[in-house]
Amino acid sequence: MPEGHTLHGLARDQTALFAGRTVRVSSPQGRFAEGAALVDAHVLDTVYAHGKHLFAVFGEQTVHVHLGLFGKYASGLGAPPVPRGALRMRWVTEGAWSDLRGPTVCRVLAPPEVDSVLARLGPDPLAARPSGAAAWKRIARTRTPIAALLMDQSVLAGVGNVYRAEVLFRHRVPPYLPGREFGQDRWEAMWKDLVVLMRAGLRSGRIVTTRPADRPRTGGRVRRDEAHYVYRRAGLPCRLCSTPVRMELLAGRKLYWCPTCQAR
DNA sequence: GCAAAATGTCAAG
DNA sequence: TTGACCTTTTGCA
């Protein structure tokens, strides 16, 4: 599910399956019928991600996908399954298929339009050569709480509600701390940590942010209820200090934090 | 069987 | 700040 690591994983997998091949593109649901017709039976060059945005390049035309909260891909080898439910976009080649459901965005763009989407996004911790400098410029000059800045895709791209809550906890940052009071050293450390965490998420396909020492049992597969410090743990005791984890809505999203570990 | 929730974004007021 | 939107899954009856 969709934070930046998910989209980078999809880009990697779709490139492996479909790049260099002629792809039959359709929209069984019909809502992407016109776009599908523009790229159907074209050769896919590559698929790449920036933040939570996915771009599939077919020559001069690019399919731009944003999963939003509910969007999902499914894929497999061999013949595609019988279409079921609301299937926005289907790709089929000789050997593989991919289905997209429920995206917020699925449309065909020309290169300048792709550029303008990219221009509105901040740096991505999962970029090949990540740099948080541009994000720091924005953070350093605003009173907006750091918890809101981390979710602002024009400040940095790819962090969602889980990584936000978890990286703030890992660095003991009070979520309402204004950006301008954050401090550059602290930002550098947090950015580096995001790069590490999100690369691990990309590799494993899941978000695990707890350190081994903070999990009841080390070694073996990390259980789902051990993977996070605070995300979705409202009311449960903090793993480090046992204070009940707090939850509050910030800009319409659920924000989780430990009021003791992340005190001012 | 149905309501609510879910890792998101945008536009209206 | 609120609601609309995209769809599936989960949890409760």
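Each chain gets a letter, A, B and so on, in the order the sequences are listed, and its residues count up from 1.
Minimum interatomic distance between L7(A) and G51(A) (heavy atoms only, all atoms of both residues): CB-O, 3.8 Å.
Rounded to whole Å, the distance from CG on L249(A) to P on dG8(B) is 14 Å. Put simply, CZ on R31(A) is 10 Å from C1' on dT7(C), counting in whole angstrom units. Nucleotide dA5(B) holds its C1' atom 10 Å from the OH atom of Y256(A), rounded to whole Å. In this structure, CZ of R224(A) is placed 8 Å from P of dT10(C), rounded to the nearest angstrom. Between the P atom of dT10(C) and the NZ atom of K72(A) lies a distance of 8 Å, rounded to the nearest Å. Atom CG in L67(A) sits about 20 Å away from atom P in dC5(C), given to the nearest Å. Summarising the geometry, the separation between CG on L7(A) and P on dT7(B) is reported as 15 Å, rounded to the nearest angstrom.
For the P atom pair drawn from dA5(B) and dG3(C), the interatomic distance equals 14 Å after rounding to whole Å. For the P atoms, the distance from dA4(C) to dA4(B) is 15 Å, rounded to whole Å. If you take atom P in dT7(B) and the same atom in dG11(C), they sit 14 Å apart, rounded to whole Å.
For the side-chain contact (heavy atoms from CB on, under 4.5 Å) with W257(A), the lone residue among Y176(A), Y229(A), F169(A) that qualifies is Y176(A). Between E181(A) and the options R186(A), R264(A), R143(A), a salt bridge (Lys or Arg N to Asp or Glu O under 4.0 Å) holds for only R264(A).
With distances taken from any side-chain atom of Q153(A) to the nucleotides dT9(B), dT8(C), dG8(B), the minimum falls on dT9(B). Closest to the side chain of K52(A), out of dC6(C), dT9(B), dT7(B), is dT9(B). Each of dT7(B), dC6(C), dT9(B) was ranked by its minimum atom distance to the side chain of I207(A); first place goes to dT7(B).
A perpendicular orientation is assigned to the rings of H66(A) and H53(A), their planes being inclined by more than 60° (bins at 30° and 60°).
Ring-base stacking between F70(A) and dT7(C) is satisfied, the centre separation being under 5.5 Å and the plane angle under 30°.
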